[in-house]
2 protein chains.
Amino acid sequence: MTNKPYHHGNLRNSLIEAGIKLINQEGTRQFSLRKVAVLCGVSHAAPYSHFKNKEELLKAMQDHVREQLMELLENTIQSCSNSNSPYLLVQMGKSYVMFFIKNPHYFPFLCSQLCMEINLSMDDDGTKNFPPFELFKTTAFHVLREMGLPEDKLKDTIISMFATVHGLASITTMKNVHYDEDWETKIEDIIWNK
Amino acid sequence: MTNKPYHHGNLRNSLIEAGIKLINQEGTRQFSLRKVAVLCGVSHAAPYSHFKNKEELLKAMQDHVREQLMELLENTIQSCSNSNSPYLLVQMGKSYVMFFIKNPHYFPFLCSQLCMEINLSMDDDGTKNFPPFELFKTTAFHVLREMGLPEDKLKDTIISMFATVHGLASITTMKNVHYDEDWETKIEDIIWNK
DNA sequence: AGGCTAAACTTGACACTGTAAAGATAATCA
DNA sequence: TGATTATCTTTACAGTGTCAAGTTTAGCCT
């Protein structure tokens, strides 16, 4: 019927989107290059015109998802009236956790120890760092200083706060967890509890 | 030379041990049934005499590693003089994190969202639960009550504490993290910071 | 002791994976 | 227009999980 053109036209982006959709539906484990190719109506080797290998496509997909998360966190900062209040940090934490609760497969996909790089050393050297953590770190530095937290406690406090939020995301995206309660406020309580 | 007997004799356990060694050296991604079979000097289909499929072997391996972690946590409880002190919880947290720092590949392997079941609902129903969390929960309930923490804050506090420790394990087992500092005491500080 | 049964293992096959090489098509640019 | 080059297809191969059928042997029963 529809005479498919030989050239797809927008294959690179299509592969990224189809790949993410696949992760969302079947999880990281079920992901395969050939499935994604089929989803895009293209031969199994076509992806190699746009990505060096499977790993490179996965990285591009992670970039895309990570950017969504970054947008969410930046919006959270924007829409917070008082940018010096500790309330902002709680809101960022809530956004972070809710992002993964809404798409549980994103967590192991985006935060797999294999590829994730995180820099806890607080010095702002040029070391590559997980952007959401970098953003949280910068914001928290500002907020906590304004609150009058002693300088020598800043670093540990920030790591501790991020660990709590990140761990909460890890735990709430597991198998047996059910979201029958009002998680939005629940998460807020748990983070405040610090 | 050495005429291998047709029957391995202890294949089930050998597969589990060889599998764990493989995870430790090459990571979860590189794990394969056939590699483990070769490591045990046995044909590629031999594992199917002892495990229904790959997934079942992985589960048995996880059981084994999880038991190691449980032993460590139980020892930590035993060797703590004052079993009512919040210091005990910090020590448990430290043991938890150090366990994974010493074997980074264990974290994604043992805590992969795919198979891990965790029950945050605090009610002691018969629901399957991640044993290390169950142990931490029980201990923390006791300790925090003794400390006089109000009853309605117990649940959130325990989840928050475990999230911090678990998140810290997640973060410290990532790619770019270097352990040039004295992590043993560092981790202690971060947990105390709560 | 001798033989039967069932467990433990091997062999061979199949479908599915990632990836490389070589060829086909079509868009772009001189 | 014609050549170049990016994009896609086809074919091929090694590695994977899994199953079915055959082989070996341990252990039990009479």
Side-chain angles (χ1 to χ4, degrees), chain A residues 1-64 105 108-109 112 114-115, chain B residues 1-64 105 108-109 112 114-115:
Chain A
M1 293 298 138
T2 61
N3 249 356
K4 270 187 214 165
Y6 191 90
H7 290 291
H8 180 286
N10 193 22
L11 184 55
R12 201 193 131 90
N13 288 335
S14 295
L15 288 168
I16 293 176
E17 282 178 29
I20 291 175
K21 196 174 288 178
L22 193 58
I23 292 275
N24 243 320
Q25 289 169 352
E26 308 191 19
T28 315
R29 209 98 175 205
Q30 307 300 324
F31 175 88
S32 95
L33 259 187
R34 295 170 100 111
K35 276 187 196 167
V36 180
V38 170
L39 285 176
C40 293
V42 105
S43 86
H44 66 264
Y48 285 87
S49 300
H50 300 274
F51 301 98
K52 194 188 143 207
N53 52 29
K54 184 186 177 184
E55 220 55 35
E56 293 298 314
L57 170 56
L58 284 171
K59 277 185 191 170
M61 289 162 53
Q62 284 170 343
D63 288 345
H64 195 260
H105 286 301
F109 171 60
S112 74
L114 301 154
C115 53
Chain B
M1 290 301 139
T2 61
N3 252 353
K4 268 187 215 165
Y6 191 89
H7 290 290
H8 180 285
N10 193 22
L11 184 55
R12 202 194 130 89
N13 288 336
S14 294
L15 289 169
I16 293 177
E17 281 178 30
I20 292 175
K21 196 174 290 182
L22 194 56
I23 293 276
N24 243 321
Q25 288 169 352
E26 308 192 18
T28 316
R29 211 97 173 207
Q30 308 300 325
F31 175 87
S32 96
L33 260 187
R34 294 170 101 110
K35 275 186 198 169
V36 180
V38 169
L39 285 177
C40 294
V42 106
S43 85
H44 65 263
Y48 285 87
S49 301
H50 299 275
F51 300 98
K52 194 186 142 208
N53 52 28
K54 184 185 176 183
E55 220 54 36
E56 293 297 314
L57 169 57
L58 283 171
K59 277 184 192 170
M61 288 162 53
Q62 285 171 342
D63 288 344
H64 195 259
H105 287 301
F109 171 60
S112 75
L114 301 153
C115 53

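Every value quoted in this text rests on a predicted model; they were computed, and no experiment measured them. Proteins come first, then strands; the chains are lettered A, B, ... in the order of their sequence lines, and each starts at number 1.
- Rounding to whole angstrom units, NZ of residue B:Lys54 and C1' of C:dC16 are separated by 13 Å.
- Non-hydrogen atoms lying under 4.0 Å from DNA chain D are contributed by B:Leu33, B:Arg34, B:Lys35, B:His44, B:Ala45, all within residues 33-47 of chain B.
- Put simply, CD on A:Glu55 is 13 Å from C1' on C:dT19, counting in whole angstrom units.
- The NZ atom of B:Lys52 sits 8 Å away from the P atom of D:dC19 (whole-angstrom rounding).
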Side chains of residues 30-50 of chain A: which donor-acceptor pairs under 3.5 Å do they make with residues two or more places apart or in other chains?
residue : atom : partner : partner atom : Å
A:Ser32 : OG   : A:Arg34 : N            : 3.4
A:Ser32 : OG   : A:Lys35 : N            : 3.1
A:Lys35 : NZ   : A:Glu26 : OE1          : 3.4
A:Lys35 : NZ   : A:Gln30 : O            : 2.8
A:Ser49 : OG   : A:Ala46 : O            : 3.4

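- Between A:Gln62 and A:Ser112, the shortest heavy-atom contact is NE2-OG, 4.5 Å.
- Annotation: side chain of B:Asn24 is not in contact with side chain of B:Phe109 (no heavy-atom distance under 4.5 Å).
- A:Tyr48 has its OH atom 18 Å from the C1' atom of D:dA6, to the nearest Å.
- The salt bridge (charged side-chain N to carboxylate O under 4.0 Å, His left out) test applied to A:Lys21 returns no partner, not counting sequence neighbours.
- Between the CZ atom of A:Phe51 and the C1' atom of D:dT7 there is a distance of 14 Å, rounded to whole Å.
- Pairs engaging residues 9-18 of chain B under the side-chain hydrogen bond (donor to acceptor under 3.5 Å, both in side chains) rule: B:Asn10-B:Asn13 [sequence neighbours left out].
- Atom NE2 of A:His50 and atom C1' of D:dT7 are 6 Å apart (whole Å).
- Checked against D:dC8, C:dT19, C:dC9, the side chain of B:Leu11 finds its nearest nucleotide in C:dC9.
- A:Gln30 places its CD atom 10 Å from the P atom of C:dT17, with the value rounded to the nearest Å.
- Not counting sequence neighbours, the partners of A:Glu56 by the side-chain contact (heavy atoms from CB on, under 4.5 Å) test are A:Phe51, A:Lys52, A:Asn53, A:Lys59.
- For the pair A:Ser32 and C:dT17, the criterion of a side-chain N or O lying under 4.0 Å from OP1 or OP2 is met.
- Qualifying side-chain contact (heavy atoms from CB on, under 4.5 Å) partners for A:His64, counting only residues two or more places apart in sequence or in other chains: A:Ile16, A:Ile20, A:Gln68.
- Annotation: proximity of residues 16-26 of chain A to DNA chain D (heavy atom, distance under 4.0 Å) is found for no residue.
- One interatomic measurement links the two molecules: CG of B:Leu57 to P of D:dG17, which rounds to 10 Å at whole-angstrom precision.
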Handout entry: For DNA chain D, the dot-bracket pattern of Watson-Crick and G-U pairs whose distances stay under 3.5 Å, | for other-strand partners
Key = ||||||||||||||||||||||||||||||
